[in-house]
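This one's a predicted model, so the numbers in the text were calculated from it and none came from an experiment.
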2 protein chains.
Amino acid sequence: MANIHQIAERAGVSVATVSRVLNNAPTVSPKTRSKVESAIKELNYQPSMLGRNLRNSESRLILVLLPTFSNPFYSEIINGIQDTVIAKGYNILLCETDSRPERENIYFNMVKNKLADGVISMDPTINMKKLKELAESHPVILCSEYEEGGCIPYVTVDSELAAYQAVKHLIQLGNEKIALINSDEKFLYARQRRAGFERALKEFSLPIREEWIYHTKGLDFQHGVHAMRMLLQQEEKPTAVFAVSDTLAIGALKAINMELRAMEPIAVVGFDNISFSSMTNPTLTTVSQPMYNMGCTAADMLLNSMKGERVENIVLDHELIIRESTMG
Amino acid sequence: MANIHQIAERAGVSVATVSRVLNNAPTVSPKTRSKVESAIKELNYQPSMLGRNLRNSESRLILVLLPTFSNPFYSEIINGIQDTVIAKGYNILLCETDSRPERENIYFNMVKNKLADGVISMDPTINMKKLKELAESHPVILCSEYEEGGCIPYVTVDSELAAYQAVKHLIQLGNEKIALINSDEKFLYARQRRAGFERALKEFSLPIREEWIYHTKGLDFQHGVHAMRMLLQQEEKPTAVFAVSDTLAIGALKAINMELRAMEPIAVVGFDNISFSSMTNPTLTTVSQPMYNMGCTAADMLLNSMKGERVENIVLDHELIIRESTMG
DNA sequence: TTGAAAGCGCTAACAA
DNA sequence: TTGTTAGCGCTTTCAA
């Protein structure tokens, strides 16, 4: 692989001139430019990012942190991030933390080391203290999960409102016994969705019954299956369920299908509108988050923040998608 | 952020010595070492990857190419790759080509630019000519999709055999009218799975009927739905379907559920064993590919290849997972 | 056991 | 308009 000196030599100019051509500096005569350009072609030269990055003290890499690849919710967000940053000449370093703190450290060091220019975190399990520390000296954006009253800019949806509307929908269908399948309430979104759930129940003077609130240990389908089984073991069974994630809701649907062949159907609402949610039987009523757009927005915010601009928090619109799982 | 000079100054040694401590060189006296180490601690120093990478002419980044994030098949493979390379001090640069050639170029240039040390491609739509060119001078491994008789090492499963076994399973269940939902046969795996499909039919003297072979334009659920609808419009309907991807099979299941309430069930077999496949109703019989293991293997092969070792192609075992969709 | 110095490939300030 | 040169932060050779 040729380097800039060889190009300079071949074109009979200095390395500075080659660099100018490479960076489209306006102060190069057309004649010189074309000499350099042919040398570049002839030697099939590609400027080294390593050299450029060191010199410019940037890597043009964006670190994207997510807890797991296996929840399709993240896939669409990543699409949005990737499309946006690529258009600006950046790339993404996708990092699954798997909720393992030692991984977090690796990634934070990459940023401190200038191996990544900024961070978008979608990981609810992240060490917020360390992230805030990082954010003091490096651009960081939170996507989806955020910190209330924190100093790191975020893009998200109004989880409380969405949950409220989802549960209200169940109530208006005539359900009075509504269960909640929640994840761990150490996560903000979990607390918010629970709050929305409770607000709807209170508004219609329905009691909040702890035995109908189940906390899962994760978001995999299997956790949803397990949660629903637990709920179905109650003496008095709920007639409807709100699950804080489509993956949990789909697991719940599965459990209902398996255990309740002859019983009255149980209405189910999920959250996220992952593509699989229209493939289940029945199809899943769910809260649609604008995942792709959320990714684009997070990326834009980060790029702006990297330019030194102040960025504002953004709350995107959601939508309740009504499908068969709440249509009897 | 401190640099190596500041550490050297603080510790009262030369930068060479600091570098030696950083790299655990054995020729540093314990006393000097501890002086340097405390300087590092005091200044909270992290060596810059950018400088190190330039000097060593490596980036410790592995480029992973995939066509799309939205097929969960890839998620598990990526998990395997990531776990393996992280253990060796590498990270992955995950790149969705979206089957867009201009993106491919960006990524190939990153490798040529030394911004990535090697490539694992899982993208069937990749420009194989260019990839081969790249592979002449850089480490490249193909994962899942590969080139027969090509020179790039690969890890995959025996698609033909797996398809044969899947279809044989359908035949042994008594099905004589078996449809194939295939993707575009420009992909090797599609041709191989079709070959396995045909081998099974021939072995049992069943005719191969073109009207029961449908080629989709993609692997999304919706393509499976559409394909199944087309098949159900045939005068003579198949009694069983083999789909070359779980996503297509799940779409097919959906179409069957929607259109056939009162009809005889149609048996369905998929391919990949994605986690959704046990959440459908009925659960999906499918060919399980060892996705995580495939990812680990691809990563190991690449790391070996980067060390200059010769690597052999590897064909991993698959397994037919029989579930409700072929149990009447 | 340690240090001085060259150099990885590039950009940019300054000079001409 | 172009060239010279310093330097980004690190590793490594050579010499002491």
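- Legend: side-chain hydrogen bond (donor to acceptor under 3.5 Å, both in side chains) pairs involving residues 62-71 of chain B, not counting sequence neighbours, sorted by first then second residue: B/Thr68-B/Ser70.
- Take A/Tyr154 and apply the ring pair (Phe, Tyr, Trp, His ring centres under 6.0 Å) test, not counting sequence neighbours, and it matches A/Tyr146.
- At a threshold of 4.0 angstrom between heavy atoms, the contacts of A/Ser29 are confined to the sugar-phosphate backbone, with no base atom among them.
- First and last contacts of DNA chain D with chain B, using any nucleotide atom under 4.0 Å from a protein heavy atom and ordered 5' to 3', fall at D/dG9 to D/dT13.
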Sugar-phosphate or base contact per nucleotide [nucleotides 7-13 of chain C; S, B, -; heavy atom under 4.0 Å]: BBBBBBB
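- Residues meeting the salt bridge (charged side-chain N to carboxylate O under 4.0 Å, His left out) test with B/Glu42, sequence neighbours left out: B/Arg10.
- Residues satisfying the side-chain hydrogen bond (donor to acceptor under 3.5 Å, both in side chains) criterion with A/Ser38, sequence neighbours excluded, are absent altogether.
- With sequence neighbours excluded, no residue forms a side-chain hydrogen bond (donor to acceptor under 3.5 Å, both in side chains) with B/Arg55.
- Checked against side-chain hydrogen bond (donor to acceptor under 3.5 Å, both in side chains), B/Asn109 has the following partners two or more places apart in sequence or in another chain: A/Gln46.
- Under the rule for a salt bridge (charged side-chain N to carboxylate O under 4.0 Å, His left out), A/Lys130 has no partner lying at least two apart in sequence or in another chain.
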Take A/Asn3 and A/Tyr45 through the side-chain hydrogen bond (donor to acceptor under 3.5 Å, both in side chains) test and state the conclusion after the steps. CA-CA 7 Å; A/Asn3 65 24; A/Tyr45 167 71; over 6 Å; no
